[in-house]
Amino acid sequence: MLEQLDTLEQEALAALAQANDPGALAAWKQTYLGRSASLSTFLGDLGKLPAAERPLAGKRGNEVKRTLEAAYAAGEERINAAVLNHALQSEALDVTLPGRPLRRGRLHPSTLILRRIYAIWAEMGFQIYRSPNVELDDYNFTLLNIPPHHPARDMWDTFYTTEEGVLLRTHTSPGQIHAMREFAPAPLRVILPGMCFRYEQITARSEIQFHQVEGLAVGPGITFANLKATLADFARRMFGEGARTQFRADHFPFTEPSMEVDVECFVCGGKGCPVCKFSGWLEILGSGMVHPTVLRNGGYDPKVFSGFAFGMGPERIAMLRHGIEDIRYFWGNDLRFLEQF
Ligand code: PHE
């Protein structure tokens, strides 16, 4: 019987040496130290032995039990260390490997040119004034001296909404009225940037949505000479000292007199090509002296105050600066275009 215990002890220790993972260890414990293990049965049945054999059998039995328990604890430590080691090796990070580059976003070319335009006008003392994209017919037309049913409305192909008198602004000029009504009767000098919308055929030169930057200066004694000098200065700051500009008489209902400003064509250098419609010039803005009716609608007395206004196209300006031949690239979402800025 004592030999049986010796055999059991040896067998158990040999089996434990073979166990190399937590699952095998648990199975081993179940087999040799579990409730129904032969050692447990043996210790439980000690009372059934003849009294003379009991002390020795009990002593040896408990010895084996303690040995196996100690062996189990050692085995557990060995296996846990092995598991940890394996994890450390297989999950190791090589911190010396070069990192994976993150693709960086960038600003849209329209945003870039707008910021450049803001900076130039800020240097000249113009502050930014925001006005809504969705406008009332009154602000977009009537208060700008374009009465209902007047043919001048045909200059702008308009997106109307289902709400009577509500439309998407066709230009930033309605902001003139908002700004004047807020500042009058104090003098003002503002630019009004934002998106405009026109129900137009899309071509290389025209889109259904585009930015404009409106400018407005109102004060006592502002003249047409001030307007010309200011716009020529803007063109030099934007396109460089040598930039050639051309002023052309034009008509807008809300300015009198009115003119358009052209910059020499970037493609042909002024010789004439399809991009500039063989004129050698590209139009970048419309402008003029604020019409007395518009001044009055804004809350100024035209006998005391005068002013100038202009509306420029940032996408057109970006096209000139970067040699972009088609305005449709701006909202085409083509990364090959956008990534160049
Ligand atoms: N609002 C005009 C347009 O969109 C441009 C303009 C603005 C002209 C201000 C004169 C004065 O065509």
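Order of appearance sets the numbers: ligands from 1, and atoms from 1 within every ligand. What's counted below: heavy atoms across the whole structure, side chains too, no hydrogens, waters or symmetry copies. As the structure is a computational prediction, the values presented were derived from the model and not from experiment.
- Using modelled atom types, one finds a donor on one side chain and an acceptor on the other under 3.5 Å when comparing Y139 with R181.
- Under 4.0 angstrom from ligand 1, the non-hydrogen atoms of S173 all belong to its side chain.
- Comparing heavy-atom distances from atom 8 (C) of ligand 1 across G313, A309, G286 singles out G286 as nearest.
- Interface atoms of ligand 1 facing S287, defined by a heavy-atom separation under 4.0 Å, are 8 (C), 10 (C), 11 (C).
- Checked by distance only, ligand 1 and T170 stay at 3.5 Å or farther apart across all their nitrogen or oxygen atoms.
- No side-chain donor from either of T158 and R153 sits under 3.5 Å from a side-chain acceptor of the other.
- A salt bridge is defined here as a Lys NZ or Arg NE, NH1 or NH2 lying under 4.0 Å from an Asp or Glu carboxylate O, and E135 with R169 fails to meet this definition.
- Distances shorter than 4.0 angstrom do not occur between any heavy atom of M155 and any atom of ligand 1.
- The shortest heavy-atom distance from S258 to ligand 1 is not under 4.0 Å.
- For the pair R198 and ligand 1, the shortest N or O to N or O distance falls below 3.5 Å.
- The atoms of ligand 1 that sit less than 4.0 Å from any heavy atom of Q212 are 3 (C), 4 (O).
- In F310, the part holding a heavy atom less than 4.0 Å from any atom of ligand 1 is the backbone.
- S110 and E315 share a side-chain donor-acceptor pair at under 3.5 Å.
- In summary, E9 and R60 engage in a salt bridge, as defined by a charged side-chain N under 4.0 Å from a carboxylate O.
- Which parts of ligand 1 touch G311 is read off a 4.0 Å heavy-atom cut-off, strictly below it: atoms 6 (C), 7 (C), 9 (C).
- For the atom pair OH (Y199) and CG (D157), the distance works out to 9.0 Å, reported to the nearest 0.5 Å.
- Salt bridge absent: R66 and E69 never bring a charged side-chain N and a carboxylate O closer than 4.0 Å.
- Of the polar atoms of T255, none of the N or O atoms is found under 3.5 Å from an N or O of ligand 1, judged by distance alone.
- With sequence neighbours excluded, the residues that form a side chain to side chain contact (heavy atoms under 4.5 Å, CB included) with L56 are L2.
- Polar contact with ligand 1: absent for E214 (N/O pair, distance under 3.5 Å).
- Atoms of ligand 1 lying under 4.0 Å from any heavy atom of W156, numbered from 1 in the order shown and given with element: 3 (C), 4 (O), 12 (O).
- E283 does not count as a contact of ligand 1, since none of its heavy atoms falls under 4.0 Å from the ligand.
- Contact check on R106 versus E339 returns no salt bridge, with no Lys/Arg side-chain nitrogen under 4.0 Å from an Asp/Glu carboxylate oxygen.
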